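This report concerns only the one structure given below.
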Amino acid sequence: MNMAALLGKSCVTIDGATKQTATLLFLHGLGDTGHGWASIFKDICPPYVKIICPTASVMPVSVNSGFRMPSWFDIYSLNKGGTEDEPGIRKAAQDVHAALESIEESGIPSNRILLGGFSQGGSLATFSALTYKRPLAGLLCLSFWVPINDKLSKEAMETNKDIPVLQCHGDSDPVVSYKFGEMTAEFFKSINCKNHTFNMYKGLVHSSSPQELSDIQQWLAQILPPQGGSM
């Protein structure tokens, strides 16, 4: 997938109800599409935020016996220390960077662009944000893990180490274990991310919840306040 595909016909875009002064680029989880998350964010984003939820290309996924489904990169294992698709992750991050640059070229400065994702999409969003050359408004990642974290810890750029980061994870997640959430929190601490918040949700499985969405809504309003002409 390239930038044109990322923001192309498979991408769900919802314009803000008022003058757009910010953009949310949110990446779905394995096997999903951008449609469900676009509908969710339509209800909780400030009215001046444009919502962009692309859909990944369909590809065989090793962890699912080669079954073809929307995926940002291949996944070989969901176990700690398992083999990772480093070339695929890096290529996908390049596509995300190109999409961010395209949004900037449309007139939205990088510090008014929020990048986020769920599960595999959250993993890609994290890698992409921490290797992007200009500061973003924030990073919103749900029920995910940090990909190739040993290398990312060395490659993370100072430009986005201090942006607001909201990490959410359910303690009953059977797909991406809560242990990954704890390790991810430790990762952000290890790279000196000074504006990181980790929310744990009791009983939440591999999904979202009304409480989580309420917390996200409040956080969005804080990190993307209105600008002149937004309201």
Side-chain angles (χ1 to χ4, degrees), residues 12-28 34 37-54 93 96-97 99-104 106-119 121-144 146 152 156-169 181 184-185 187-189 191-201 208-231:
V12 182
T13 301
I14 300 177
D15 292 326
T18 60
K19 180 182 177 182
Q20 179 200 354
T21 62
T23 297
L24 165 65
L25 177 62
F26 193 86
L27 311 176
H28 64 75
W37 286 105
S39 298
I40 289 172
F41 281 110
K42 182 181 179 181
D43 292 334
I44 64 174
C45 274
Y48 44 84
V49 176
K50 183 176 184 177
I51 301 162
I52 301 177
C53 294
V96 173
H97 289 170
L100 293 171
E101 290 169 358
S102 179
I103 294 169
E104 289 186 66
S106 75
I108 302 299
S110 68
N111 63 3
R112 294 287 290 176
I113 303 173
L114 173 64
L115 182 59
F118 175 82
S119 193
S123 300
L124 176 56
T126 297
F127 190 90
S128 301
L130 291 176
T131 55
Y132 195 57
K133 58 189 176 184
R134 286 182 291 279
L136 298 170
L139 176 63
L140 169 64
C141 291
L142 318 175
S143 307
F144 72 111
V146 179
L152 183 56
M157 302 181 71
E158 295 296 330
T159 49
N160 281 302
K161 282 186 179 180
D162 291 336
I163 63 171
V165 177
L166 178 59
Q167 174 196 351
C168 301
H169 214 120
T184 294
F187 170 83
F188 280 112
K189 182 179 179 180
I191 64 169
N192 297 316
C193 182
K194 301 179 179 63
N195 204 355
H196 168 254
T197 301
F198 180 26
N199 287 354
M200 181 274 283
Y201 296 89
S208 192
S209 70
Q211 183 59 59
E212 181 183 64
L213 295 178
S214 176
D215 292 342
I216 292 171
Q217 184 175 27
Q218 294 180 40
W219 184 77
L220 288 171
Q222 291 173 1
I223 69 160
L224 288 174
Q227 289 188 329
S230 295
M231 302 298 285

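Throughout, numbering of the chain's residues begins at 1 and tracks the sequence. Fair warning: this is a prediction, and the values are worked out from it, not measured in the lab.
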For [X] against [Y], the heavy-atom pair lying closest together:
{"X": "Gly122", "Y": "Cys141", "result": "O-SG, 3.4 Å"}
{"X": "Leu130", "Y": "Ile191", "result": "CD1-CD1, 3.9 Å"}
{"X": "Gly117", "Y": "Ala125", "result": "N-CB, 4.1 Å"}
{"X": "Leu139", "Y": "Ala129", "result": "CD1-CB, 4.0 Å"}
{"X": "Tyr48", "Y": "Lys19", "result": "CB-O, 3.3 Å"}
{"X": "Leu124", "Y": "Ala93", "result": "CD1-N, 3.6 Å"}

Quick check: do [X] and [Y] have side-chain heavy atoms less than 4.5 Å from each other?
{"X": "Ile40", "Y": "Phe118", "result": "no"}
{"X": "Phe187", "Y": "Leu152", "result": "yes"}
{"X": "Pro54", "Y": "Leu25", "result": "yes"}
{"X": "Thr197", "Y": "Leu166", "result": "yes"}
{"X": "Phe41", "Y": "Ile216", "result": "yes"}
{"X": "Cys45", "Y": "Leu24", "result": "yes"}
{"X": "Lys133", "Y": "Thr159", "result": "no"}
{"X": "Tyr132", "Y": "Leu115", "result": "no"}

Distance, nearest 0.5 Å, that separates [atom1] of [X] from [atom2] of [Y]:
{"X": "Ile103", "Y": "Ile52", "atom1": "CD1", "atom2": "CD1", "value": "4.0 Å"}
{"X": "Ile108", "Y": "Thr21", "atom1": "CD1", "atom2": "OG1", "value": "6.5 Å"}
{"X": "Arg112", "Y": "Leu224", "atom1": "CZ", "atom2": "CG", "value": "5.5 Å"}
{"X": "Ile223", "Y": "Gln218", "atom1": "CD1", "atom2": "CD", "value": "13.0 Å"}
{"X": "Ser128", "Y": "Leu100", "atom1": "OG", "atom2": "CG", "value": "7.5 Å"}
{"X": "Leu27", "Y": "Cys53", "atom1": "CG", "atom2": "SG", "value": "8.5 Å"}

**Request:** Report yes or no: does Ser110 contribute a side-chain atom to a donor-acceptor pair with the main-chain N or O of Pro135 at less than 3.5 Å?
**Result:** yes
**Message:** Please check this pair: side chain of Asn199 against backbone of Gln167, looking for a donor-acceptor N/O pair closer than 3.5 Å.
**Reply:**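 No: the side chain of Asn199 does not pair with the backbone of Gln167.
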**Request:** Kindly check if the number of other-residue, nucleotide or ligand heavy atoms within 6.0 Å of NZ (Lys161) is above 12?
**Result:** yes
**Request:** Check the angle between the aromatic planes of Phe26 and Trp37 and answer parallel, tilted or perpendicular using the 30° and 60° thresholds.
**Result:** tilted
**Message:** Exactly one of Ser209, Ser208, Ser214 should register a side-chain hydrogen bond (donor to acceptor under 3.5 Å, both in side chains) with Glu212. Which one does?
**Reply:** Ser208
